[in-house]
Amino acid sequence: MASVAGRYQFKIVLLGEGCVGKTSLVLRYCQDKFNDKHLTTLQASYLTKKLNIDGKRVGLSIWDTAGQERFHALGPIYYRDSNGAILVYDITDEDSFQKVKNWVKELRKILGDDICLCIVGNKIDLERDRHVDGAEAEAYAKSVGAKHLLASAKLNKGVDELFLELAKAMVTAQDASASNGQSSGRRGASSRKRGVEIVDEQPAGQPKKGCC
Amino acid sequence: MDFLRDSTNKKELFAFLTTKVEQFNCPASTAMYVTSGQSVLSISSGSPMQSCNHEEADTRVVVHILHALEHGERTVLVRTVDTDVVVILVGTFHNLAAVQPLLDICVAFGTGKNYRFYSINAICASLGEPRSRALPVFHAFSGCDTTSAFNGKGKKSAWQAWQAFEDVTGTFVYLASHPFEKLYLDSESFQKLERLTVILYDRTSSLSSVNETRKELFCQKSPPMEKLPPTQDALLQHIRRTVYQAGIWTTSTQAEPVVPSPQDFAWTKLQLNICINTVVYYNRNFSLTEITVNQGDLIKQKRLPDMMCDLVNKASLNGRYYLKDFTSTDVTLLPEETIQELGKELRYTLADLDSTEVARQVTLRDFEIFQKIESSQYIYDLWKFEETLRNSLLKFSKISDEERYWVITEICNEPSAVKRIKIIKQFIRIAKRCKDCRNFNSMFAIISGLDHSAVQRMKATWERVPNKYFKIFEDIKDLMDPSRNMSKYRTLLSREQRYPPVIPFFPIVLKDLSFLHFGNKSKVDGLINFEKLRCISKEVRNTTKLGLVPYDSYLMFDRAVTDTPGPTVIQALTSGLQNKNKRSRRDNGLRNPRKMHEEVLMSRRVKKYLSNLTVITNEDELRELSLSCEPPPGSAPSSAQLKKKPTPPNSPGENLVMKEEIVSRSSTVSSPSSSSLPPNSPRTININDIEVFPEIGDLSLEEQKFPTKLGTPSARISIPNTPSPSTPDRGSSSPRSFFTSGKGESRISAV
């Protein structure tokens, strides 16, 4: 979220129905291995990746919600304060695309335009079983101001591009808000101010306890 | 002993013994009498005795003494182990002394170490004649083998009461000399004994009625039911039984007394020829009815079938059971105040319920499902087997969403701001109680419900939630901080899982399993990856272990979460002491019948509330409800909202507190951000600081190490070189420790 001396740090959350291949995408991207012979360390709450975009150092922390799709309550915990969201659907599964639409709706409602969205159709290696119309998906993405990409974690197609695209979008968004100065600056300041205020508030609250 | 319990065995044995004893060769100077049924056999030189119909040897011995005295004996030694015999002898001493004035009776009493001699003469001399004669009646009154006794009142207290109320001696003597006198409520003797009972329970009381005393004692101290004196009716039954038993004892000088039927003296004869002391009323004209008060004070009467079990749990909260005489034409079904009281039951809302009880019932309900998830269901869930094989797991995973929507529905459905605040406070309390009893799943569900955008957007309401509650809310929400793989929650869990039962935050359980599953191949080079399977099984075992011990509904809140790290021996000891204290306090509360009644009522109210819940899960609908509760700042100026606030509260005290808060927080209100964060949440800053520079954070924390590791391809999994059986706690504390300890070489187990 913050940029420190030309260094960018972004939080990305992966959302989508179960079994659409969210974890495969991230594992593929962060470790560049899908069919590794060895067991790898796993079950991190988030994975990290460092990038260099046009000389700018960008750090991504990627939050995966795998296994928790059933728990709607958990979404807000993960997507809060995210700079970007990757909404994954399975091109062979129409329902998973509907799910993506729900997520977009919720994210836009809660986070507004502060978040860069990227809709990804995964499993393009199964093109012949496609059930989600590519053009329709593309049109939908455009209508909600999101990028639309296709990928296959299995074939390692479009995975790097996907994260790079999103990272670029986030850098642009950050730069824009920084140069505009006002909106983002004020937001940062206000959030910092909030933190200070709590400190102020507690002493004010204590004497009240005393008189009760 | 069991052999002798059977009366036919006993009879046969004694008949056998009698015939054997008959064959003894007795010295000429000795006379021996053996009883056999009703007759008495005399052996050797003794003069024959008349037969005797006494049922027990206790009283029969008196007949024998009398017989001996009549034949010129003076000194009598009675061997017994039974107190009753001593009492009978004291009671009849003066009658016996009339036959033989030089009489000297001794009792060889007890066995073994307690074997000793009592002189009946000495006892009677110190008691005096009236009290000696009264003793059997007193003995029966204060409780003996065959009569009822006063609970918690032994011989000593009864004796002291007698000392304090000497007048009653006359009554005892009267009853001793008039055996089997039938007493009634208005008999003088009964009234005297009633007064004695009052003194027995309350030395200082001046009342003469036990019923009055019950009332007074209950109002003064509200002691447990069993510590109250009996009711007048019960006392009458007791005294009748006393009179009957005392009658048998005092007529023991007669060889064949006329004993009336015990059924006239408050004994009921059952088919099995056992007399038990119950009174049964049965009347065809009465029937049990349930009268309920329904919506709009509509009163319904329902006659219940004669045979109905489990009445306690079948009674509805807005109803009462009555015994109604259905031949009567009285139309008043319920007194007015009862209608009011029962009608109130219908209007109970969440805010009126006890938060601890709600947490208890929610936890017990959830645990029942959690407990049913078998280890295999986790595996079936990972490999997406058909749903019937993993139904408990699916059912349990639905719970957190349900509970979350329950919170949102309750809050958004309440148009009154004041009540909405009460509900928010209530939910914060419930969440806290869920945390206390280690139901982390519901704790998270409720907090994330409060954190939902439809609830959070009601800024004006949140501003008026007292700081104290807001602080608790923030503290619990802090546990949900997902940074460093939910490290705050995981630390808490690893500390608490030593004290099962625990209901873990279920999404995290499933997440850990999913990552184990997705992150590792099941087959490597065509060989089964046992390493992965072992990791999964360990994780599953750790989870199922949490549900092995059931919740004790009374003690589940006793071990509150302490913020100290691992308990040392001393801490464990002191906390044990604290538990003990808490428990005993609770026990005291339980013995208080009024409080117990209230608790049971409350728990039934909560159960009813929970079973009748209707939850809105439609996000749009919830948002609309939320908007109607508090219009968006655009449509109504926020200043107007601020002004509106102080008006609704009903209590002036509350009003004051709220105003103060509005002042303290009003500066933050001005930013009408639509973020789902509550005003002035400290979390925003926390997360960012940690996330942005994970490496800078405290590396000594385990949780810190592994998230960065995934990125480094060199990190390989391995079996921990030491399987660490010595420290099972560390090993089982969380799946993380497995991976962090794996710094050695990688190994693959395969077949």
Side-chain angles (χ1 to χ4, degrees), chain A residues 1-2 4 9 11 18-19 23-24 27 30-33 35-50 59 61 63-68 70-74 76-78 80-81 106 109-112 187 190-195 197-198 200-202 204-205 208-209 212, chain B residues 384 397 400-401 404 444-445 448-449 451-453 467-468 480 482 484-486 507 510-516 518-521 524-525 529 531-532 657 660 664-665 667-668 671 674 676-677 679-682 684-685 687-688 691-692 706-711 713 715-717 735 739 746 748:
Chain A
M1 189 182 254
V4 183
Q9 187 72 33
K11 175 178 165 185
C19 297
T23 312
S24 308
L27 289 177
C30 292
Q31 293 163 277
D32 195 26
K33 59 185 98 143
N35 204 3
D36 195 8
K37 285 176 189 168
H38 302 289
L39 282 167
T40 49
T41 359
L42 36 85
Q43 65 122 175
S45 63
Y46 64 93
L47 308 116
T48 52
K49 181 88 177 178
K50 290 198 174 76
S61 55
W63 297 56
D64 190 353
T65 56
Q68 302 156 88
R70 271 179 233 137
F71 304 96
H72 209 235
L74 225 62
I77 302 179
Y78 286 115
R80 176 174 302 153
D81 312 316
E106 183 172 338
K109 198 172 68 194
I110 310 283
L111 300 174
R187 208 175 137 226
S190 77
S191 73
R192 209 161 294 143
K193 204 170 139 205
R194 276 183 204 160
E197 251 166 20
I198 290 158
D200 280 345
E201 211 176 314
Q202 271 163 348
K208 204 174 63 198
K209 265 179 212 157
C212 285
Chain B
K384 305 284 172 229
S397 31
S400 54
D401 264 1
R404 175 171 174 256
F444 276 99
S448 61
D451 211 17
H452 187 265
S453 58
N467 262 333
K468 192 179 97 184
M480 290 165 70
R484 290 188 285 139
N485 203 3
M486 307 279 297
L510 294 187
K511 173 192 159 167
D512 287 348
L513 286 171
S514 306
F515 272 92
L516 281 169
F518 292 128
N520 299 296
K521 298 268 91 191
V524 180
D525 293 338
N529 184 351
E531 210 49 62
K532 164 180 174 173
V657 176
E660 211 174 311
S664 66
R665 286 206 201 140
S667 49
T668 59
S671 69
S674 65
S676 61
L677 280 170
N680 51 40
S681 150
T684 5
I685 291 160
I687 296 178
N688 293 338
E691 270 167 47
V692 176
F706 67 95
T708 49
K709 243 189 191 174
L710 233 181
R716 298 257 160 90
I717 200 152
F739 300 105
S746 63
I748 303 164

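Remember, it's a predicted structure, so these values are computed and weren't measured experimentally. Per chain, numbering begins at 1; letters A, B, ... match sequence-line order.
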Measure the shortest side-chain to side-chain distance between A:Leu74 and B:Phe444 over non-hydrogen atoms and say whether it is less than 4.5 angstrom.
no

Heavy-atom nearest pair, B:Asp401 first then A:Phe71, reads OD1-C, 4.0 Å

So which heavy atom on A:Arg70 is nearest to which on B:Ser397, and how close?
NH1-OG, 3.4 Å

If you compare all heavy atoms of B:Pro507 against all heavy atoms of A:Gln68, which two are closest, and at what distance to 0.1 Å?
O-CG, 3.4 Å

